[in-house]
Amino acid sequence: MRQVGRLPGAVTVRDDAAGVAASAADWIVEVAGAAIAEGGRFRIALAGGSTPRTLYQVLAAAPHRERMDWRSWEVFFGDERACPPDDPASNCRMAREALLDLVSIRPELIHRMEAERADLNAAAAKYSSILASTCPAASPGSAPRLDCVLLGLGENGHTASLFPGDPALQVRDRWAVRSRADYAPFDRITVTYPVLNAAAHVAFLVTGAAKGEALRGVVDGRVPAAGVRPPDGELRWFLDAAAAGSR
C-alpha cells in the first residue's frame, strides 16, 4: 500500500486487473471479518462494471470463498439501471452471476434496487427506507452507515450513478434517489453522497489508462467521485499500473 500523487486515502497499485481484484478481495476478507466480529453482520454495497465483476469472481472462488462467513453478509447496491433484474445491463444480474448465486448469502439479506418500476422516484424512496431501516445511523436522521461500499470510476468521473451536473449530486436528505446518466441506459437509481460518506470503508476499483483524466479530476476536485470523502471511515483506491501511470 502506498500513496500515489494526491488521491485522497490509501492507494494500492497492482500490475493488472487480476491483481487489483486479488488485493481488493484480501481487503474485503479483513473488513468483513472485523465487522462480523464486532456486530455479527457485514453490510456491503456492491458496484457494477467489469472491474467489480472480476473481484466478485475472485471472492466466489477458492481460497477467498472459504475464508468468508457468507451467512453474515447483508448485500445492498450502490446503483442500478432502469431495467428488469434479468436484463444484461442490470447490476443485480451481474452480481448474482459472478457472486451472489455462488455463495451462501441468505436471500432475504440481498436488497436489490427495483429499478424496473415505472415510478423510479418511488423505487428510490423505497430503497432509501430499506437502507434506513436495516443499517445503523450515528444519530437520528443521519445517513445509514454501511460497513463497506465498493465503487467504480467512469471516464467522466462519475461514481455509482452520480453523474456530472445531475441534481442527485445536491441531495443531502435522502439516501437513494433517481438519477440520469449521460449514456444509455440513461435512467438510474443511485445512493447519495451522505450514504457513501457515512460508510466505514469505501473502496474505488479503477483499471485502464482511459481512467487517467477521471483520476486527475478526483485530485482536482472537479468530478463527482471527488465528493466521496468519508470523514469517519477508510477510503481506499485499488488501481492497476495502467490507471496509476496515466495520472
Side-chain angles (χ1 to χ4, degrees), residues 21 24-25 28 32 41-61 64-65 68 70-135 144 146-154 158-163 166 168 171 174-192 195-196 199 202-205:
I28 290 173
R41 185 68 56 85
F42 176 54
R43 298 177 177 91
I44 182 171
L46 302 182
S50 57
T51 305
R53 178 195 289 271
T54 303
L55 166 61
Y56 304 155
Q57 291 169 336
V58 171
L59 288 171
H64 294 88
R65 179 187 179 115
M68 208 75 73
W70 297 107
R71 300 288 292 177
S72 296
W73 276 47
E74 186 163 12
V75 175
F76 302 84
F77 288 85
D79 70 318
E80 183 57 280
R81 288 86 178 269
C83 62
D86 59 352
D87 190 285
S90 168
N91 288 339
C92 181
R93 173 177 171 169
M94 183 276 283
R96 285 193 177 279
E97 291 177 345
L99 175 63
L100 302 180
D101 288 347
L102 306 177
V103 296
S104 56
I105 298 173
R106 289 182 282 172
E108 69 272 17
L109 296 182
I110 298 174
H111 307 287
R112 75 175 185 88
M113 292 176 165
E114 297 177 355
E116 75 278 13
R117 293 174 57 173
D119 188 342
L120 281 183
N121 289 318
K126 179 180 178 180
Y127 207 75
S128 189
S129 295
I130 289 171
L131 284 164
S133 63
T134 56
C135 300
L146 291 157
D147 296 306
C148 182
V149 175
L150 301 179
L151 294 171
L153 179 69
H158 83 270
T159 192
S161 279
L162 295 167
F163 283 83
D166 192 83
V171 175
R174 287 165 287 164
W175 318 138
V177 296
R178 180 176 184 166
S179 65
R180 188 162 174 84
D182 51 17
Y183 60 87
F186 295 98
D187 291 320
R188 313 282 182 99
I189 294 174
T190 186
V191 298
T192 56
V195 172
L196 300 180
V202 179
F204 280 89
L205 310 173

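Just the heavy atoms: all of them, side chains too, but no hydrogens, waters or symmetry mates, feed the values below.
The distance from atom CG of Leu150 to atom CD1 of Ile44, rounded to the nearest 0.5 Å, is 4.0 Å. Between the CD atom of Gln57 and the CG atom of Leu99 there is a distance of 9.5 Å, given to the nearest 0.5 Å. Atom-to-atom distance recorded for Phe204:CZ and Leu153:CG is 6.5 Å, nearest 0.5 angstrom.
Residue Ala95 comes nearest to Phe77 through the heavy atom pair CB-CE2, 3.8 Å, listed as atom of the first residue, atom of the second, then distance. Between Ala60 and Ala98, the shortest heavy-atom contact is CB-O, 3.6 Å. Closest approach of Pro185 and Ala181 over heavy atoms only: O-CB, 4.0 Å. The shortest non-hydrogen separation linking Met94 to Gly48 is CE-CA, 3.7 Å. Smallest separation of non-hydrogen atoms from Ala160 and Gly78: CB-O, 3.9 Å. In terms of heavy atoms, Ala122 sits closest to Arg117 at CB-NH2, 3.7 Å.
You'll find the side chain of Leu46 stays beyond 4.5 Å of the side chain of Phe76, heavy atoms only. With contacts defined as side-chain heavy-atom distances shorter than 4.5 Å, the pair Leu146/Val202 does not qualify. Side-chain contact check for Arg81 versus Ser90: every heavy-atom pair is 4.5 Å or farther apart. Looking at heavy atoms from C-beta onward, Asp79 lies out of side-chain contact with Leu162 at the 4.5 angstrom threshold. Proximity of Phe42 to Trp70: side-chain heavy atoms (C-beta onward) are nowhere separated by under 4.5 Å. Residues His158 and Asp182 are not in side-chain contact: their nearest non-hydrogen atoms beyond the backbone lie 4.5 Å or more apart.
At least one donor-acceptor pair under 3.5 Å links the side chain of Arg93 to the backbone N or O of Asp86. For the pair Thr159 (side chain) and Gly152 (backbone), a donor-acceptor distance under 3.5 Å is present. Side chain of Asp166 to backbone of Arg180: a donor-acceptor contact under 3.5 angstrom is found. Judged by distance alone, with hydrogens and angles left aside, the side-chain atoms of Glu116 form no donor-acceptor pair with the main-chain N or O of Pro85 at under 3.5 Å. At distances below 3.5 Å, not a single donor-acceptor pair connects side-chain atoms of Ser161 with backbone N or O atoms of Arg188. With hydrogens and angles ignored, the 3.5 Å screen pairs a side-chain donor or acceptor of Asp147 with a backbone N or O of Arg43.
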Cut-off 3.5 Å, no hydrogens considered: what does the side-chain donor-acceptor table look like for residues 102-111, sequence neighbours left out?
unit_1	atom_1	unit_2	atom_2	d
Arg106	NE	Arg71	O	3.3
Arg106	NH2	Arg71	O	3.4
His111	NE2	Glu74	OE2	2.7

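Relative orientation of the Tyr183 and Phe163 rings is perpendicular, given thresholds of 30° and 60° on the angle between their planes.
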- Item | side chain to side chain contact (heavy atoms under 4.5 Å, CB included) between Thr190 and Met113, worked out | CA-CA 9 Å; Thr190 186; Met113 292 176 165; 5.9 Å; no
- For the pair Ile28 and Leu55, evaluate side chain to side chain contact (heavy atoms under 4.5 Å, CB included) and give the outcome as yes or no after the intermediate values. CA-CA 10 Å; Ile28 290 173; Leu55 166 61; 3.8 Å; yes
- Item | Worked verdict on Val75 versus Leu100 for side chain to side chain contact (heavy atoms under 4.5 Å, CB included) | CA-CA 9 Å; Val75 175; Leu100 302 180; 4.1 Å; yes
- Task: Could you walk me through whether Met68 and Leu59 pass side chain to side chain contact (heavy atoms under 4.5 Å, CB included), step by step?
- Result: CA-CA 9 Å; Met68 208 75 73; Leu59 288 171; 3.8 Å; yes
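Residue pairs meeting the side-chain hydrogen bond (donor to acceptor under 3.5 Å, both in side chains) criterion with at least one partner in residues 120-131, sequence neighbours excluded, are Glu114-Lys126.
Applying the side-chain hydrogen bond (donor to acceptor under 3.5 Å, both in side chains) rule to Ser179 yields no partners; only residues at least two apart in sequence or on another chain are considered.
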